[in-house]
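Below: the structure, in structure tokens.
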Amino acid sequence: MTSWDAIQRQVRERAAERCEYCRMHESLQGATFHIEHVVPRSHGGNSRPENLAWACPRCNLCKSDRVEVPDPESGKLVPLFNPRVDGWGDHFRWEDYRVVPLTAIGRATAAALDLNHPRRIRIRQAEETFDLFPPDDP
Ligand SMILES: [Zn+2]
């Protein structure tokens, strides 16, 4: 039986201490990042590492218990980016300090999680000073 502390450590290390949605590094943040259920418990998601992600508080709060959100281009519901099955670079790329979505999932997730909020841009600029931006590919 693996303890919750051990699971948290495993998820954090697997994510290289970065939010698995916005890719922000934890080291410059005042808040400890969260264990996030990719498929929320309210949708039947479990608490095993294969359903858990490391997420900054803002991404976690913006995501809430959603698994799909509207694509701002088509208005159709599409799945949120799933860091356990989707490759970040398949759905997003960097342009300067901005996240540029490449797919419907990328567009919907970038909008729902507000990935280009002005504070996030400023944090990426600060991360660059510490060689933490741009992040290595996950
Ligand atoms: Zn984040």
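Just so you know, ligand 1 is whichever comes first in the structure, and atom 1 is the first atom listed for that ligand.
- Listed by chain and number, the residues in a side chain to side chain contact (heavy atoms under 4.5 Å, CB included) with Ser27 are His25, Leu132 (sequence neighbours excluded).
- Residues passing the side chain to side chain contact (heavy atoms under 4.5 Å, CB included) test with Asn60 are His34, Glu36, Ala55, sequence neighbours excluded.
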| query | After noting the C-alpha distance and the side-chain angles of Ser47 and His37, does the key distance pass the side-chain hydrogen bond (donor to acceptor under 3.5 Å, both in side chains) rule? | reply | CA-CA 7 Å; Ser47 294; His37 287 76; 2.8 Å; yes
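- Below the 2.8 Å limit, the Zn ion (ligand 1) has as protein N, O or S neighbours Cys19 SG, Cys22 SG, Cys56 SG, Cys59 SG.
- With sequence neighbours excluded, the residues satisfying side chain to side chain contact (heavy atoms under 4.5 Å, CB included) with His43 are Val39, Pro40, Val67.
- Proximity of Val99 to Trp94: side-chain heavy atoms (C-beta onward) are separated by under 4.5 Å at one or more points.
- Exactly one of Arg124, Arg120, Glu128, Arg122 qualifies for a side chain to side chain donor-acceptor pair (under 3.5 Å) with Tyr97. That residue is Glu128.
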